[in-house]
Amino acid sequence: MPESAQTANPVTFPPAFLWGAATSAYQIEGAVREDGRTPSIWDTFSHTPGKTAGGETGDIAVDHYHRYRDDVALMAELGLTAYRFSISWSRVQPTGRGPAVQVGLDFYRRLVDELLAKGIKPAITLYHWDLPQELEDAGGWPERDTAYRFAEYAQIVGEALGDRVEQWITLNEPWCSAFLGYGSGVHAPGRTDPAASLKAAHHLNLAHGLGTTALRSVMPTRNSVAISLNSSVVRPLSQTPGDLAAVRKIDDLANGVFHGPILRGAYPETLLTATSKVTDWSYVLDGDLRAIHQPLDALGLNYYTPTLVSAADADPKAPRADGHGASDHSPWPGAEDVAFHQTPGERTEMGWTIDPTGLHDLIMRYTKEAPGLPLYITENGAAYDDKPDSDGRVHDPERIAYLHGHLRAVRRAIAEGADIRGYYLWSLMDNFEWAYGYEKRFGAVYVDYATLARTPKSSALWYSQAARTGTLPALETA
Ligand code: IFM
């Protein structure tokens with residue numbers, strides 16, 4: 001729709017729609033050695049030479065642990081109505097097992113109280129990739145016991161915060177934990193073992209199921225339990241049978257491996273067949289699928305860009321890598337016959353093509369596949385090379401255009417019947433972007449890494465207006 005038409009037809013959201021922003025513990029907190037916190041796999045990985053850009057770590061990150069009050073005040077000034085953050089497991093349960101450290105839980109109690117006092121709805125993610133190192137030393141996610149440890153941790157946090165936090169997310173993007181962590185090795189713990197990555201995926205699913213049950217055993221029934229999946233929108237390069245088979249394979253490995261057991265109680269047969277040379281799935285024990293297939297209260301969708309694939313033999317020179325970081329090892333076990341392509345169009349600083357139709361398609365897919373399940377966009381956003389002007393302001397029109405396009409796609413899906421309850425912009429502020437270190441800025445708020453001063457970018461002001469009015473501001477006024 002041209003902008004003039006958009007001004008004539010304002011894009012307005014339902015009154016109860018949540019306007020949020022998201023972060024995660026290791027990316028923002030810093031204070032990695034304070035108050036009894038022990039190393040997580042990301043501390044170990046980022047301190048291993050060559051693993052992150054410039055050897056950067058989350059040691060200080062953006063010092064949110066000490067500045068959380070100011071950060072919450074900033075969210076309130078921006079008019080945000082929701083905030084999604086994650087808990088650092090090793091701050092709460094330093095060895096990954098046994099009793100909780102109260103001082104660790106106290107930090108999150110204070111954060112939640114601050115949010116509630118300002119009328120901002122907290123949404124807790126229990127696991128955003130930072131496994132306590134001690135659990136990795138005991139085998140990590142390929143080890144079944146890690147799922148039981150997660151359930152114990154979920155119960156501890158549910159008991160401590162379930163009285164005041166209604167929205168709960170068990171895992172963030174388990175695909176990344178399993179396949180970037182244990183397959184391609186570009187994420188912590190940096191292992192490159194295709195069989196272990198599938199085993200990790202199963203134990204993450206089991207952790208989600210057992211964690212959901214554990215949370216519900218200690219929390220008021222009004223609370224909502226969800227999972228955030230970075231479900232890929234997989235598209236074929238052409239309509240040939242080979243390219244369509246490539247889509248099936250990647251869709252199973254990106255999506256079906258999680259939503260199969262979680263939403264339907266079964267792994268897709270096509271996934272089991274395609275990976276049969278990599279693993280025999282014998283670690284899926286009797287009762288596991290029942291434990292995983294818990295009714296959900298909502299589903300979180302994280303979306304950035306679509307994935308374009310073909311059969312490898314259609315284009316032998318096409319890359320086998322997919323934009324998830326450089327590695328000689330593939331994060332797609334059993335998919336050596338699939339090639340990945342760059343979707344045409346403008347890209348963000350991550351090299352990810354900007355395509356809001358992917359978000360619309362993703363929402364409509366789950367609207368069909370999980371009828372009646374409320375959806376949240378738990379992450380969406382873009383990295384740009386933002387720099388302050390001479391006046392100290394940070395103008396990021398590209399990010400405004402990105403948010404505008406994607407929020408319009410959300411609104412279109414609502415008009416077509418999708419039950420989307422809220423949107424969490426990734427990210428509230430610039431932060432540690434994993435293997436990319438601090439090079440990629442996803443924040444709506446700019447962070448000066450020398451002083452740690454926060455400055456809302458023009459996108460934050462644009463989003464603030466949307467949050468306050470429930471209507472997307474026109475692009476030209478931004
Ligand atoms: O920064 C990450 C986040 O931790 C998980 N989802 C994708 C974001 C951008 O890469």
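Every number for a ligand or one of its atoms is a count from 1 in the order of the listing. Everything numeric in this text was worked out from a predicted model, so none of it was measured.
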If I apply the N/O under 3.5 Å rule, does Trp434 come out as touching ligand 1?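 Trp434 vs ligand 1: N/O contact under 3.5 Å present.
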So is there a nitrogen or oxygen of Gln27 less than 3.5 Å from a nitrogen or oxygen in ligand 1?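 N/O-N/O distance below 3.5 Å exists for this pair.
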What do we get for Trp352 next to ligand 1 when only non-hydrogen atoms under 4.0 Å count, side chain, backbone, both or neither?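 Under 4.0 Å from ligand 1, Trp352 contributes side-chain atoms alone.
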Please state which part of His128 comes within less than 4.0 Å of ligand 1, counting heavy atoms only: side chain, backbone, both or neither.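 Only the side chain of His128 comes within reach of ligand 1.
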I'd like to check [X] versus [Y] (side-chain heavy atoms, cut-off strictly below 4.5 Å). Are they in contact?
X	Y	result
Asp430	Lys457	yes
Arg37	Ser88	yes
Phe150	Leu210	no

At what distance is the nearest protein heavy atom to [atom], and which residue and atom is it?
atom	answer
atom 8 (C) of ligand 1	Tyr304 OH, 3.5 Å
atom 10 (O) of ligand 1	Glu433 OE2, 2.6 Å
atom 5 (C) of ligand 1	Glu379 OE1, 3.2 Å

Under 3.5 Å side-chain donor-acceptor pair for Ser40 and Tyr26: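 Looking only at side-chain atoms, Tyr26 and Ser40 do not form any donor-acceptor pair under 3.5 Å.
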Could you point out which residue of Phe179, Tyr182, Trp175, Trp129 forms a ring pair (Phe, Tyr, Trp, His ring centres under 6.0 Å) with His187?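 Of the listed options, the one satisfying the test is Trp129.
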So which of Trp426, Tyr436, Phe432 gets nearest to atom 3 (C) of ligand 1, if we judge by its closest heavy atom?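 It is Trp426 whose heavy atom sits nearest to atom 3 (C) of ligand 1.
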Tell me whether the centres of the aromatic rings in Tyr127 and Trp141 are closer together than 6.0 Å.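 Yes, they do, as the ring centres are separated by less than 6.0 Å.
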